[in-house]
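Shown next, in structure tokens, is the structure this report addresses.
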Amino acid sequence: VQPQASGGGLVHPGGSLRLSCVASGRTLSSSTMGWFRLAPGNRRQFVAAIRGSGRITKFANAVKDRFTISSDNARNTVYLQMNSLKAEDTAVYYCANSGRQLITSQMDIERSYDYWGQGTQVTVSS
């Protein structure tokens, strides 16, 4: 049931990356997937989340004009498209899964999620 995240790497400022998260053992249409990130010296922060079939999404203010989140229910995969990347986006990105369709106020809270993936490193540097 542990989500599997991939797609991280090294990118120049202004570049793009797409992260993927496979939600094994869960049906996306009836669950919520979230992305969080952990940068050195910081607490883990909410990035984005998508609920059910993708009609409900939520973004952190720091990324809402640059990142998008989408889901492919047939592949049980959620994507985080990150554009206009900045140095401050450097972090380990974790995907998490809740077996429930969370309400909006719950989507950015870590304890709302049951299972966490191992994370994928994103480094934005020139």
### Query
Do L102 and I69 share a hydrophobic cluster, counting only Ile, Leu, Val, Met, Phe, Trp and Tyr and linking them when any side-chain heavy atoms are less than 4.5 Å apart?
no
### Query
Do the side chains of W116 and R44 get nearer than 4.5 Å, heavy atoms only?
yes
### Query
How long is the gap from CG on N73 to OG on S29, to the nearest 0.5 Å?
5.5 Å
### Query
Should the ring pair Y113 and F36 be called parallel, tilted or perpendicular, given that the plane angle runs from 0 to 90° and is split at 30 and 60?
perpendicular
### Task
Could you list the residues that satisfy side chain to side chain donor-acceptor pair (under 3.5 Å) with Q118, not counting sequence neighbours?
none
### Task
Answer yes or no: is there a donor N or O on one side and an acceptor on the other, between the side chain of D89 and the main chain of K86, under 3.5 Å?
yes
### Query
Does any non-hydrogen side-chain atom of R66 lie less than 4.5 Å from one of K64?
no
### pair T57-R51: side-chain heavy atoms closer than 4.5 Å
no
### Query
Any side-chain heavy atom of S125 within less than 4.5 Å of one from L10?
yes
### Message
Before you tell me yes or no, could you show the steps for F67 and L85 under side-chain contact (heavy atoms from CB on, under 4.5 Å), namely the whole-Å CA-CA distance, both residues' side-chain angles and the distance that decides it to 0.1 Å?
### Response
CA-CA 9 Å; F67 292 9; L85 283 162; 3.8 Å; yes
### Query
OG/S98 to CD1/I109 distance, rounded to the nearest 0.5 angstrom?
11.5 Å
### Task
Taking side-chain contact (heavy atoms from CB on, under 4.5 Å) as the test, write out the residues that go with S16, two or more places apart.
Q81, N83
### Query
Would you find a donor on one side and an acceptor on the other, under 3.5 Å apart, between the side chain of T90 and the backbone of V124?
yes
### Message
Between K58 and F46, is there a side-chain heavy-atom distance shorter than 4.5 Å?
### Response
yes
### Message
Side chains of L28 and M33, heavy atoms from C-beta outward: is any pair under 4.5 Å?
### Response
yes
### Query
Is there a donor-acceptor contact under 3.5 Å from the side chain of N97 to the main chain of P3?
no
### Message
Would you compute the distance between atom CH2 of W35 and atom OH of Y94 and round it to the nearest 0.5 angstrom?
### Response
12.0 Å
### Query
Can you tell which of V78, T77, D72 makes a side chain to side chain contact (heavy atoms under 4.5 Å, CB included) with S20?
T77
### Summary
Distance col, row Q106:CD vs Q101:CD, nearest 0.5 angstrom, shows 11.5 Å
### Query
With sequence neighbours excluded, what pairs up with R100 under the side chain to side chain donor-acceptor pair (under 3.5 Å) test?
none
### Query
T120 and V92: side-chain contact (heavy atoms from CB on, under 4.5 Å), yes or no, with the steps?
CA-CA 5 Å; T120 184; V92 177; over 6 Å; no
### Message
Given the ring of Y93, does R37 sit roughly above its face, with NZ or CZ under 6.0 Å from the centre of the six-membered ring and within 45° of the axis?
### Response
no
### Message
With rounding to the nearest 0.5 angstrom, report the CD1 to OH distance, I50 to Y79.
### Response
11.5 Å
### Query
Is there a side-chain contact between M82 and V63 (heavy atoms, below 4.5 Å)?
no
### Query
If we only count heavy atoms from C-beta on, is the T104 to I56 side-chain gap below 4.5 Å?
yes
### Query
Between CG of L19 and CG of L80, what distance do you get to the nearest 0.5 Å?
5.0 Å
